[in-house]
Every structure is written in structure tokens, then in C-alpha cells.
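Report on the structure given below.
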Amino acid sequence: MPEGHTLHRLARDLNGLFGGEIIRATSPQARFAEGAALLDGRVLAKADAYGKHLFVTFDADRHLHVHLGLYGTFVLDAGEPSVPRGQVRLRIEGERGYADLRGATTCEVLTRVERVGVVARLGPDPLRRGADASRAYERISASRTTIAALLMRQDVIAGVGNVYRAELLFRHGVDPFLPGRELPSATWYDLWKDLRALMRHGVRTGRIDTTRTAHTPRAMGRPPRQDRHGGDVYVYRRAGDPCYVCGTAVATAVLEARNLFWCPTCQRSRATAAE
DNA sequence: GGCTTATGCGCAG
DNA sequence: TGCGCCTAAGCCA
């Protein structure tokens, strides 16, 4: 379930399970045999996430770069390693447990310089300390592209995926088709602040819950628990179902090859009401 | 058992 | 804009 929170949680867990240890690295699937050999027997110094990218630093300037893509998983387990089940791209084994990587779209070993190059292409990540929201707003406020599309661009803002995109815009009553240049500055900083809270909650719980966190706008009330897709949401994948706030059928459309969900009533261009 | 879908993204054209 | 990657889960039969 890889949006940014998943990768940050993963980094945290990898540090907890392997941090500072010499690890064994193998590629049971054999698709990553050369890469695994580069990491085998090395010290796993630190895991870190930038947006949806995970980096695991080993000694000797070796940096594992993982991107889970749409259906990759990296599952950690304490205790004795089991016989690898399914297609395991990379297995890491330590003193206290092991981890299996499957289905990742990217799994490669980089140098520090190469890693810096990957990070340099990303926009600010709300989950990283010191992330600069204004850097994203510079791009957004200069663009004719819709805010819904801009939120998904990792070079504008790193870590947002289809669920957070839909939920964030709903929570703030922002029309997803509003051009970035028409999004008021104040609205953007509200979105950023809320997004950071939502994603931090996601890191803590491992789920995307957008209906019951502390920052839920009061007027929206508390919809029933659904837990349909690993979290409780207002509009994501609820096409045709009644909006929890106003009862209007949740709308859906394909935008830049991704499914977009929104409430046509709650998300009129309220953001431009200031004009 | 098969088919569809997916919280992503790079690439060809 | 559409395809392919490559995996698992959900749905149907």
C-alpha cells in the first residue's frame, strides 16, 4: 500500500530491526542476485525515506534504492527466517529477524552521488523535517494544470498518492479541477499542514485514515468506520455512494490515467470564494 | 481457476 | 495517451 507514509514507516522499522548490524542479503528469486551480493555481509547503517523512495545505507558507499511501485511490498518479520514464499526479490536477514522485498518497480544499489541525484528530482516531502512547502507552492501557483494532477507529481510534492490526493482535496472542499495558479496561498498552506498530520498518522498506524484524525474539520462529522482499503476514507473508491457530509453521490473520473474521486457538492470551487 | 483491479511510474510514440 | 512492468487480493464462476 505504498504512498509516502508506507515508506517512512518501513524505514523506521528497518532501522529498528537491522540498524547497525551486519546483515545477510540474498535474492531467492535470482532477479537481483548481483545487487544482493553487493550488500551481503555489510553493515546496514540507516534506512531513510524521501517521498515514495526508500534508501538503505550500507558501508562502502552502497545505497539500496527501493521503489515499491503499485504493488511492491517489503515485509519485516521478527524471528527465524522462513522458507521464502512467492517471488522474493531480496531477503535481508539479521540477528533478530528478516525482511522480504517483493514486486518492487525499482530495486538497485547506488552510490551516494547517484542517490543524491534521485532525491534532487523530488519536491518537498511533508513527512521530512524542514520540508519547504513554499517550494511546492512556487510550482503550483505557476501552473495551469489542475491541483489534482499537481498533487500526484513527485517533483512538485513527494509522497502523495491517489488516496491522500482525493482525501485531502475533499477535506478542504477544493475542486480537484481547479488550476494550480488559482489555488490561494492560504489554502495551499492549510492543505500542507493537514497533509502532514494525515501522513504522520499514516506512519504511526500503517493505514490511511482521513475521517477520524484530530484535524478532521468539525463540520464533517464522524462517518462510520469502513476500513475498505486499509483505512477509513471519505471519497476514495466510493464512486456512486453517498457523500458522508452531504449525501451527494461521490463522483469519479480518470485524470492522467489515475482514478480520481470527489464530491461534486462539497468540492465546488470554494477555494476561490475569496475573489 | 480465471479475470479484474490496484495506494506508481518510466517509456514509446 | 497508452502500454508494460510484475504481484496480490478481490471478485466471479
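Here is the naming used below: chain letters follow the sequence lines, and residue numbers restart at 1 for every chain.
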According to a strict under-4.0 Å criterion, is [X] in side-chain N/O contact with OP1 or OP2 of [N]?
X        : N     : answer
A:Arg237 : B:dT7 : no
A:Asn259 : B:dA6 : yes
A:Lys52  : B:dC9 : yes
A:Tyr164 : B:dT7 : no
A:Gln87  : C:dA8 : no

Self-check item: A:His65 and A:Phe55 aromatic centres sub-6.0 Å
Solution: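 A:His65 vs A:Phe55: aromatic centres under 6.0 Å.
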Using the [atom1] atom as the point on both nucleotides, what is the distance between [M] and [N], in whole Å?
N      : M      : atom1 : value
B:dT7  : C:dT1  : C1'   : 22 Å
B:dG10 : C:dA8  : P     : 23 Å
B:dT5  : C:dA13 : P     : 15 Å

Practice problem: Hey, could you give me the CD1/CG distance between A:Ile92 and A:Asp100, rounded to the nearest 0.5 Å? | Solution: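 Here the interatomic distance stands at 9.5 Å.
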Quiz prompt | Salt-bridge present (A:Asp194, A:Arg196; N to O < 4.0 Å) | solution =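 Here A:Asp194 does not pair with A:Arg196 in a salt bridge, since their nearest N and O are not under 4.0 Å apart.
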For [X] and [N], give me the distance from atom [atom1] to atom [atom2], rounded to whole Å.
X        : N      : atom1 : atom2 : value
A:Glu256 : B:dG10 : CD    : P     : 14 Å
A:Leu70  : B:dT4  : CG    : P     : 17 Å
A:Arg258 : B:dG10 : CZ    : P     : 12 Å
A:Leu122 : B:dG10 : CG    : C1'   : 14 Å
A:Leu54  : B:dT7  : CG    : C1'   : 17 Å
A:Arg238 : B:dT7  : CZ    : P     : 17 Å
A:Arg89  : C:dA8  : CZ    : P     : 11 Å
A:His67  : B:dG8  : NE2   : P     : 8 Å

Practice problem: Would you classify A:Glu167 as touching base, sugar-phosphate or nothing, given that sugar-phosphate means primed atoms plus P, OP1 and OP2, and contacts are heavy atoms under 4.0 Å? | Solution: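 Here A:Glu167 touches no strand at all.
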Quiz item: How is A:Arg31 classified with respect to the nucleic acid when contacts are heavy atoms under 4.0 Å: base, sugar-phosphate, or nothing?
Solution: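 Contact class for A:Arg31: sugar-phosphate only.
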Quiz item: Has A:Arg238 got its NZ or CZ under 6.0 Å from the middle of the six-membered ring of A:Tyr244, at an angle within 45 degrees of the ring axis?
Solution: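 Yes, a cation-pi geometry.
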Exercise. Give a yes/no verdict on a cation-pi contact between A:Arg128 and A:Tyr50, requiring under 6.0 Å between NZ or CZ and the six-membered ring centre and an angle within 45° of the axis.
Key: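 Yes, a cation-pi geometry.
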